Amino acid sequence: MRMTYREAMRTALREALAADPRVFLMGEDVGRYGGAYAVSKGLLEQFGPDRVRDTPLSESAFVGAGIGAAVAGMRPIVEVMTVNFSLLALDQVVNTAATLRHMSGGQLSVPLVVRMATGAGRQVAAQHSHSLEGWYAHIPGIKVVAPATAHDARWMLPAALREPDPVFIFEHAMLYPEEGEVGDAPGPLPLFRAAIRRPGRDLTLIAHGGSVGKALAAAERLAREGIEAEVVDLRSLRPLDDATILESVRRCHRAVVIDEAWRTGSLAAEISSRIGEAAFFDLDAPVARVCSAEVPIPYPKHLEDAALPQPDGIYAAARGVLKPTAGVTV
Amino acid sequence: MRMTYREAMRTALREALAADPRVFLMGEDVGRYGGAYAVSKGLLEQFGPDRVRDTPLSESAFVGAGIGAAVAGMRPIVEVMTVNFSLLALDQVVNTAATLRHMSGGQLSVPLVVRMATGAGRQVAAQHSHSLEGWYAHIPGIKVVAPATAHDARWMLPAALREPDPVFIFEHAMLYPEEGEVGDAPGPLPLFRAAIRRPGRDLTLIAHGGSVGKALAAAERLAREGIEAEVVDLRSLRPLDDATILESVRRCHRAVVIDEAWRTGSLAAEISSRIGEAAFFDLDAPVARVCSAEVPIPYPKHLEDAALPQPDGIYAAARGVLKPTAGVTV
Amino acid sequence: MATLDAPAVSPPQAAVAIDPPTARAWLGQMLLIRRFEEKAAELYSAGKIRGFLHLSIGEEAVSVAAIGALTERDNVVSTYREHGHALVRGVPPGAVMAELFGKANGSSRGRGGSMHIFDAGRRFYGGNAIVAGGLPLAVGLALADRLRQRDAITACLFGDGAVAEGEFHESLNLASLWRLPVLFLCENNYYAMGTALGRHQAETDISLKGAAYRIPSAAVDGMDLLATTAAVRQAVDQVRSDGGPVLLECRTYRFRAHSMYDPELYRSKEEIDQWKLRDPITLFRARIERDGILTGAELEALDREAREATDRAVAFAEAGEWEPVADLLKDVYAREPPCA
Amino acid sequence: MATLDAPAVSPPQAAVAIDPPTARAWLGQMLLIRRFEEKAAELYSAGKIRGFLHLSIGEEAVSVAAIGALTERDNVVSTYREHGHALVRGVPPGAVMAELFGKANGSSRGRGGSMHIFDAGRRFYGGNAIVAGGLPLAVGLALADRLRQRDAITACLFGDGAVAEGEFHESLNLASLWRLPVLFLCENNYYAMGTALGRHQAETDISLKGAAYRIPSAAVDGMDLLATTAAVRQAVDQVRSDGGPVLLECRTYRFRAHSMYDPELYRSKEEIDQWKLRDPITLFRARIERDGILTGAELEALDREAREATDRAVAFAEAGEWEPVADLLKDVYAREPPCA
Ligand SMILES: Cc1ncc(C[n+]2csc(CCOP(=O)(O)OP(=O)(O)O)c2C)c(N)n1
Ligand SMILES: Cc1ncc(C[n+]2csc(CCOP(=O)(O)OP(=O)(O)O)c2C)c(N)n1
Ligand SMILES: [Mg+2]
Ligand SMILES: [Mg+2]
């Protein structure tokens, strides 16, 4: 059935709250306001203020409180309004959520789900346009997923709630109004596997979240020119599904990684280096990256568009790796 | 003249405080305690509590205060005791220090220097052993350096203080007691250039901070077996000195990147992917990485040693990339 | 729930004198903010302004009183709801409107938009979209002044929601511990987005929080321009004379939505109407008329001038150029080319 | 002390009864902590214990009174200076010492060391080396109890230095706003590492800070075991009856260095000696002798038992195995193999 990414996430939240009394949702304005992106609209009315809990502006405290509640056996879903504000809670994530199980010698579990919006594109400027999910993917002890479709927005949450470890769900802010087909079951793909969104043979485009649609758009254009690009949607950023990525690259021999994060130190770098390590002799050209320009994202549309990965840039990068002389220059 | 890395940094701080009235040092226990690593010992007595300023445990506020003082024309040197605690101030770094110049249309400058200890090796366990300088290297608007020698500990600070933008200096905690030769002038190498610590021809070992010594140790062992490894000390993590890195790799055709950070999303990934992008056809083997195991660093020595990059592991990785069959397997 | 509770602050000692020029200036500034933001809302609907737009309509008295009490030497640190602060500070309306458009003739060359108005020359240090993110910056500006024995204070404006953030606590402690000249001015409009004060603060009297840091504190009716002016002047004088910080809570209300995205599910029309009865502009105008300080014709003229100034600002913004894409990376660092 | 709202240190209302068994238990616990940590210091010099080691010698009365007032159902959240808390909570001395050694028979399988003692069965949630990092965790544990109507409280211990962190502010507000059963217990030993209370707090009376969150607060002489016991019991009772948080400041002193690295440049021998005159063990023993509750022989025996328990703990630690390197990645995640 068709619904928006926003409705899909709301459906998942409603189901989770209805199904398990241990589940509750907390975060800034998730209740009366209905969620900054209207994702939790109506849930307060249905489940009450104990289970749909508005928090003060205290990111570190309410993320930490989610960790504590999870340790005590609840199944909290913490909404951090956006990844931009999650920096204020990063200590709790890195030093508490990610360490407790190992550091305690396996005594504690942190079955916590943290959701947050990520990404740029809405002209909200330098402090509200970060794509920092790659940082979260660096942290052992937590898991990170990024639904790119309405179907995944609907079905990744219940799977995340079944995990005994902290799972971070990154929802690209541009996807909320996007409509998509949502199956009435999760389907065969496990939570931590990548998906091939478009089969191809000439090169592999690897993306996640809000960049998947841009990769598909570039693939369409390439297809019109007789080039069949395979598009891999990572879905899981930690763990990374090396098997799916490498199988595709070994088959296509060329790859472009798309990532809305700033290029230097992006998750795209990790993927590019893993391909280099594991599929070096299968590559006919260096792996290319299409990332955001290394600049605080500016407000005006023309500058924001220029700063972010776009289908044209992906197309150009694809053309680049397809050139016989590919990679001879930087 | 020979001195420890600690003394070298203290000499640099003393000189900076004496030379420029706009310079002041602030951070937790930099004054009466003498600095958690005794770096600032004696400076309070010499320069007084206004210029060697003990702060409360308020990382976000005193890093932010350093930004504000820099904007107002001072030259603050903020010491965050360790990178582990800097997470609490990361919002101020990412959303204020790094954005002010660009976001204000070039009206504001943030000539701030932030110093912090980084790295593991002292058996201080999961919350005190992070190597997160790679995250800082991801942020446009700031610059990041990592002195690996006493000479650089002595001379990077004055150069950083001349920068009109925020510069972050990462001091590996294991280096403080290390003795080294310190020249009485900075020498020819600019702040943001890498250094070749050991010339070689068979492969390039790339490291920074506390890993440089380990790379040199591995190089010695390789040399005893007739293999000449070139050791590149990055020195600057942002910007990265692509020219020096690529020149070396193009000459040696093989490379191993060493980074004490967790492997996934490490700075080593960025370097590996840049080499792949720019020197693909010069490589005789895939670029290898030697990083920390993806685990919260445990307390016992044997487990900590096993979790961190070691000369043996670097040696093995070097041997790996030198194999004719290199990279055929993961 | 937001109620019209009486501020728990002693009425200002010195009554504020208002002669005709003062009345004209203050009413003119409030009207300029009101008309400017009404126009901005229109232009948002018209698609000329994008992203986030936060209006301060209803809170004009605080902008006029707070910024009006400062000298050119003082520093201002503001939030994303800062149009009023910027206009009263003297940032040209055209430059502010152009910034909202994202044009290169905007106050931040169009890069920041509504949430990031900067004017270094006027010591207007933004325009910060991270709630409470400006407080440490203000402490640092004041620290620099203290270290250089520069005689100036730093006014740091923030909302009630910011009070819950750790940075509020750390910054107030630091400013008091080091006796830094900061006026912490809380614009308490009783909501943090859709979260009412009582749902985000265990102690809803924000002026009581200064005691935890030994910071003299007060609260004032932020809808009453004269009371607020007196309270701010008193606070500013105290910061200047003591050298240490003061916390002033101005109790006001936001008549419009939090931002242009907000469906306002969290408050009733009745509540808003209640507060509108205390519209700071209406109240001040009534006072002026009652005391016959300005004639009806003069009042008309002030409103006309505000509308005309707004129209000129829009024209200036319309006429502005877009920053060339080639300049995207300019000023990431002081020296080009940007590194890494 | 009069009421929990009274900020000043005052004698407890109800004198705490001490019969011989109680006296034996409490003195025994204080002596165990003292001897255990004295031995740990020796073993650090001997290289058996590495990394950071923070001793609570001088602060034993707070550990005994605070943890002693809790039931098995209650939760404890502690800091890196937690040996005393863990021992009083009932974590076997051997398991604690083995953890300090880093042996697999340690309370955290040796992975955490001195700063990270965990015992899930005893609801001892660590052992946190990030100052103030445990406060949000405590709020969450209490929130879970509240949501499940589980009748228990959470005791959250932290130092005076933690009070400056934003997480202190955010956590106290949250706990009070949501009326969560948390006892926030500040062990004020007048120093944050080398920074004296007056150099990190603008308001040095920590018990005055609860008012900003409408949290009943009190301070007590943490060197006086009986006064502290009375104050903690009163605070615990209030948390249980009101359901909301209480802030209790226990004023104490650290006789040893901050950690084994600390040259103690920041305080004088005289100051330390002054405080040693109020050694909680000496004070309590004097009281017991004065009232003839225990005989000299019994007191001797208690000390001997503490030394023997410590020796047994060391033997247990010595006998422990090292965790095999092959298990390094075990428990990064619940399911093996670890991902990514
Ligand atoms: C650290 C942080 N968390 C969350 C947000 C999202 N947000 C923007 S404004 C706002 C409410 C702030 O309320 P208040 O401080 O009272 O200011 P007001 O909008 O009422 O003027 C929130 C939650 C943010 N910008 N920064
Ligand atoms: C967030 C953070 N900042 C800095 C440190 C380094 N540090 C460890 S203990 C300490 C002092 C803490 O003092 P206090 O809270 O009074 O506890 P005490 O050591 O006196 O028991 C500091 C600064 C840390 N561990 N965590
Ligand atoms: Mg508000
Ligand atoms: Mg202390």
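It should be emphasised that the depicted structure is a prediction, and the values quoted were computed from it without experimental measurement. Below, chains carry the letters A, B, ... as their sequence lines are ordered, and counting in each starts from 1.
- Between D:Arg240 and D:Asp74, at least one side-chain N (NZ, or NE/NH1/NH2) sits under 4.0 Å from a carboxylate O, which counts as a salt bridge.
- Of the N and O atoms on the side chains of D:Arg81 and D:His258, at least one donor lies less than 3.5 Å from an acceptor on the other residue.
- With chain D as the partner, the residue from A:Asp91, A:Thr96, A:Leu57 showing the most heavy-atom pairs under 4.5 Å is A:Asp91.
- Here A:Ile142 is the residue among A:Ile67, A:Ile142, A:Val63 with the most heavy-atom pairs under 4.5 Å with chain D.
- For chain A, the nearby parts of D:Leu141 are the backbone and the side chain; heavy atoms of each come within less than 4.5 Å.
- No donor-acceptor pair under 3.5 Å is formed between the side chain of A:Arg289 and the backbone N or O of A:Ser272.
- Chosen from A:Ala69, A:Pro164, A:Gly106, A:Gly141, the residue pairing most often with chain D at heavy-atom distances under 4.5 Å is A:Gly141.
- Both the backbone and the side chain of A:Asp50 come within contact range of chain D, each with at least one heavy atom under 4.5 Å from a heavy atom of that chain.
- Only the backbone of A:Ile139 comes within contact range of chain D, with at least one heavy atom under 4.5 Å from a heavy atom of that chain.
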Legend entry - Trace of the ring pair (Phe, Tyr, Trp, His ring centres under 6.0 Å) decision for D:Phe52 with D:His54: CA-CA 7 Å; D:Phe52 283 139; D:His54 306 89; 5.8 Å; yes

Inset, instruction - Apply salt bridge (Lys or Arg N to Asp or Glu O under 4.0 Å) to the pair A:Asp29 and A:Arg32, showing each step before the final yes or no. - result: CA-CA 6 Å; A:Asp29 291 301; A:Arg32 279 118 194 131; over 6 Å; no

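- When heavy atoms are compared at a cutoff of 4.5 Å, A:Ser104 approaches chain D by way of both its backbone and its side chain.
- In this structure, the portion of A:Phe24 lying under 4.5 Å from any heavy atom of chain D is its side chain and not its backbone.
- For chain A, no part of D:Arg146 is nearby; none of its heavy atoms comes within less than 4.5 Å.
- At a 4.5 Å heavy-atom cutoff, A:Leu88 makes no contact with chain D through either its backbone or its side chain.
- Both the backbone and the side chain of A:Thr55 come within contact range of chain D, judged by heavy atoms closer than 4.5 Å.
- With hydrogens and angles left out, the side-chain atoms of A:Glu59 and A:Gln92 include no donor and acceptor closer than 3.5 Å.
- For D:Asn75, no part lies near chain A; criterion is any non-hydrogen pair under 4.5 Å.
- For the pair D:Arg150 (side chain) and D:Arg73 (backbone), a donor-acceptor distance under 3.5 Å is present.
- Put simply, of A:Met103, A:Met74, A:Glu163, the one with the most heavy-atom pairs under 4.5 Å next to chain D is A:Met103.
- With a 4.5 angstrom heavy-atom cutoff, D:Leu328 touches chain A only via backbone atoms.
- For the 3.5 Å distance criterion, the side chains of A:His102 and D:Tyr333 fail to qualify, holding no donor opposite an acceptor.
- At distances below 3.5 Å, at least one donor-acceptor pair connects side-chain atoms of D:Ser171 with backbone N or O atoms of D:Glu167.
- Only the side chain of A:Leu108 comes within contact range of chain D, with heavy atoms under 4.5 Å apart.
- Side chain to side chain, A:Glu133 and A:His208 meet the donor-acceptor criterion of an N or O pair below 3.5 Å.
- Looking at D:Ser107, the atoms closer than 4.5 Å to chain A (heavy atoms on both sides) all sit in the backbone: N, CA, C or O.
- The greatest number of non-hydrogen atom pairs below 4.5 Å with chain A, out of D:Ala142, D:Gly106, D:Ala120, is found for D:Ala120.
- Heavy atoms closer than 4.5 Å to chain D are found in the side chain of A:Arg53, but not in its backbone.
- No hydrogens or angles considered: nothing links the side chains of A:Arg193 and A:Ser236 as a donor-acceptor pair under 3.5 Å.
- Each of D:Lys330, D:Lys103, D:Arg111 was scored for a side-chain hydrogen bond (donor to acceptor under 3.5 Å, both in side chains) with D:Glu323, with one residue passing: D:Arg111.
- A side-chain N or O of D:Ser78 and one of D:His85 form a donor-acceptor pair less than 3.5 Å apart.
- Proximity to chain A (any heavy atom under 4.5 Å) is restricted, for D:Asn128, to the side chain, taken from C-beta onward.
- Neither the backbone nor the side chain of D:Leu135 comes within contact range of chain A, judged by heavy atoms closer than 4.5 Å.
- Within the 4.5 angstrom heavy-atom criterion, no atom of A:Glu270 approaches chain D.
- Most heavy-atom pairs under 4.5 Å with chain D: of the set A:Pro76, A:Ser60, A:Ala70, A:Pro56, this distinction falls to A:Ser60.
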